[in-house]
Each structure stands twice: as C-alpha cells, then as structure tokens.
Protein chains: 2
Amino acid sequence: MLKMTKQRTLLLDYLKKSTKPLSAEMVYLKLPQGSMNLSTIYRSLEAFEVAGLVDKTNLGNLAYYKIRSHEHKHYLVCKNCHKMIEIDCHVDSFLEVETKKHHFKVESHDLTVYGYCEKCQTLA
Amino acid sequence: MLKMTKQRTLLLDYLKKSTKPLSAEMVYLKLPQGSMNLSTIYRSLEAFEVAGLVDKTNLGNLAYYKIRSHEHKHYLVCKNCHKMIEIDCHVDSFLEVETKKHHFKVESHDLTVYGYCEKCQTLA
DNA sequence: ATCCTTGCAAATTGTTTGCATTTAC
DNA sequence: GTAAATGCAAACAATTTGCAAGGAT
C-alpha cells in the first residue's frame, strides 16, 4: 500500500532529479539535514524497489538507487574519480541466446565497466 | 614478492579446484577448520588479486574470487537458490564502440544476470 | 482505528587493521 | 636476518532491526 509520507515524497523527488544512481548516504547528505533519518532512507528505497519505482544496483561495496526508467542503461565507472558515464544497453540480443540454452528466466541484469575516464587517463 | 606459505598454498589449491567464484567465507568454511584465519584469507585473496592470480567481482554485498583464466566469463545468478551458471562473454564488440565515444579506457567489466534457474522457476 | 512509517540506538554483516609472533626467502 | 605473513581481537563501513511514538489512509 506504500503510504506517501513527507519523507518519501522528498526522497522520490530528489531521485527524480538525478540522472545517475545514488547511494543511500549520498541522498542523506543532500537532503535538508534532519529531514530524514538514514535508516528511513534505506527502508524507503527498499519499499520503492519492491514497488518497482527504483532500481537497485551494487557497485563495489555500495548499493546505488535510481528511478526506474524505460530505457535501460549501464555505466562506465572511473576507477580514479568515480565519475559514472551512462551508456546504452546492448546486451539483450546475445543474452536471449545464452539464457535460453540454460532455460534461465531473466529478471534483470547489471553491466558495469571499470576503467579511466578521459580526464583521469593522463594522471593515473 | 608474494611468499608461498602453507595457508596460501591451501587457499590457492582450493580456488583452482573451483570453477565458480567463491566468497571469502565460503572458502573459510570449506578449508580444514583451524587451517587458516578468515582475515588471512582476505589478505591472501587481496594479495593474489594484486599479483593477477585471481579476479575479484562483487555480487550484491559480497565479494567473490576466482582463479584468473584466459576466457572471460559471466554468470546467470539464481535469485532463489543462488546457483551460478557460467556463460560466455560477448560484450567486447559493442563495448568498444561505446567506450570509444567517451574516450574511456576500459580496464575490466562485470556482467551479471539475475533471474531464476530452471529448477527454481517452477517453485518461485 | 488500523496498520504503515518514522527516529533512534543497537545489532548484524562483510571486510579491514594494529600489533606481537612466526615463517619464507 | 629481514621483510612479509599470520592469528587474534578490535575497528570499520554499509546496512538492518527492534521498539515505542507518530502519521497516512
């Protein structure tokens, strides 16, 4: 039944404004201080995920959340500055073949590319 | 200089026998009890990774390690029984195009597919 | 009125670290 | 002999949980 509280509205609005996945703590630090407890953020994000409003993805040891959108994207993640560059998803075609072989019912997938962005290549 | 100790030999041998990625704790529970401390496992896995002997990959909130092999693989992970099914990697071709656009220097990538294996589809 | 959500603090989980001792080279 | 590896316990970071109080439906 997902009740819409002051906090959840705040959180959802903030997520909507972001094009990139955000961790719970990133959101926590950006919201007006005292407006929402960190554990409430975790609980709400989880509720949103169950409700299909947001997608969760794990990068390294952190969970990131992003408003669910029609187009499925992936990210190039810079190992130096942690910048995330969005790229289009092109894996469905070959995935279909591979998963059929194993009679696997796909629910979702994550593709993350690690490396160095243009700026950090020269430095690192 | 990566010294080969009794523990590291044990660990490396165990990893070699496994075709699937293993978490530190999975290894810990499988090795003869008392043969190796959990923190030593973490430290050794990290050393192996730096030395290029193993690959580390994060699935969910867990780190998994696997002996590095020539062929790069990905996994279909069952959301119910956590079985991991190996599939071939076919992402390089389109990745090349996408990363060139952004002048991104790729170091590695992870693709993980979540869903339900044949056995668990009927149940879940 | 009921059941869901919140805040807070405490618990859990996965992983890392400091330090004194042991071991490979 | 020396620098690196180990075990243990304690520290950490991210996330989860229990519970009493507050709020949406």
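In what follows, chains carry the letters A, B, and so on, assigned in the order in which the sequence lines appear, proteins first and then strands, with residues in each chain numbered from 1.
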More than 12 heavy atoms of other groups within 6.0 Å of A/Glu49 CD: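 Atom CD in A/Glu49 is packed in, count exceeds 12.
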
Pair A/His74-A/His90, side-chain donor/acceptor within less than 3.5 Å: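 The answer is no; no qualifying pair exists.
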
Residue pair B/Glu86 / B/Tyr75, side-chain donor-acceptor N/O under 3.5 Å: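 Yes, B/Tyr75 and B/Glu86 have a side-chain donor paired with an acceptor closer than 3.5 Å.
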
Nearest-neighbour nucleotide for the B/Met4 side chain, C/dT17, C/dT16, C/dC25 considered: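 Looking only at heavy atoms from C-beta outward on B/Met4, the closest nucleotide is C/dC25.
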
Among C/dC25, C/dG7, C/dT5, the one nearest A/Ser39 by side-chain distance: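 Closest nucleotide to the A/Ser39 side chain: C/dG7.
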
Would you mind classifying the nucleic acid contact of [X] as base, sugar-phosphate or nothing, using non-hydrogen atoms under 4.0 angstrom?
| X | answer |
| --- | --- |
| A/Glu25 | sugar-phosphate |
| A/Ala47 | nothing |
| A/Ser35 | sugar-phosphate |
| B/Arg8 | sugar-phosphate |

Estimated bend of the helix from C/dT12-D/dA14 to C/dC25-D/dG1 (axis per five terminal pairs, rounded to 10 degrees):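 End-to-end axis angle for the helix from C/dT12-D/dA14 to C/dC25-D/dG1: 30°, rounded to 10°.
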
B/Gln7 side-chain N/O to C/dT23 phosphate OP1/OP2 under 4.0 Å: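 So the side-chain polar atoms of B/Gln7 never come under 4.0 Å of the phosphate oxygens OP1 or OP2 of C/dT23.
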
side-chain N/O A/Asn37 vs C/dC8 OP1/OP2, d < 4.0 Å: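 Yes, because at least one side-chain N or O of A/Asn37 sits under 4.0 Å from OP1 or OP2 of C/dC8.
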
Distance in Å, A/Thr40 OG1 paired with A/Leu45 CG, rounded so as to fall on 0.5 Å steps: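 CG of A/Leu45 is found 10.5 Å from OG1 of A/Thr40.
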
Length of the line joining [X]:[atom1] and [N]:[atom2], which is rounded to integer Å:
| X | N | atom1 | atom2 | value |
| --- | --- | --- | --- | --- |
| B/Leu10 | C/dA24 | CG | P | 14 Å |
| A/Leu38 | C/dT12 | CG | P | 19 Å |
| A/Tyr42 | C/dT5 | OH | P | 19 Å |

Residue mapping more 5' on DNA chain C - nearest nucleotide basis, B/Thr5 or B/Glu46: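 Counting from the 5' end, the first nearest nucleotide belongs to B/Glu46.
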
Which residue lies more 5' along DNA chain C, comparing B/Tyr64 with B/Lys6 via nearest heavy atoms: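 Here B/Tyr64 is the residue nearer the 5' end.
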
Closest-nucleotide ordering on DNA chain D, the 5'-leading residue of B/Gly34 and A/Met1: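 Closer to the 5' end of DNA chain D: B/Gly34.
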
Nucleotide range of DNA chain D lying under 4.0 Å from chain A heavy atoms: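 Taking any atom under 4.0 Å from a heavy atom of chain A, the span is D/dA14 to D/dT25.
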
Derivation and outcome, side-chain contact (heavy atoms from CB on, under 4.5 Å), residues B/His109 and A/Tyr114: CA-CA 6 Å; B/His109 70 260; A/Tyr114 301 95; 5.7 Å; no

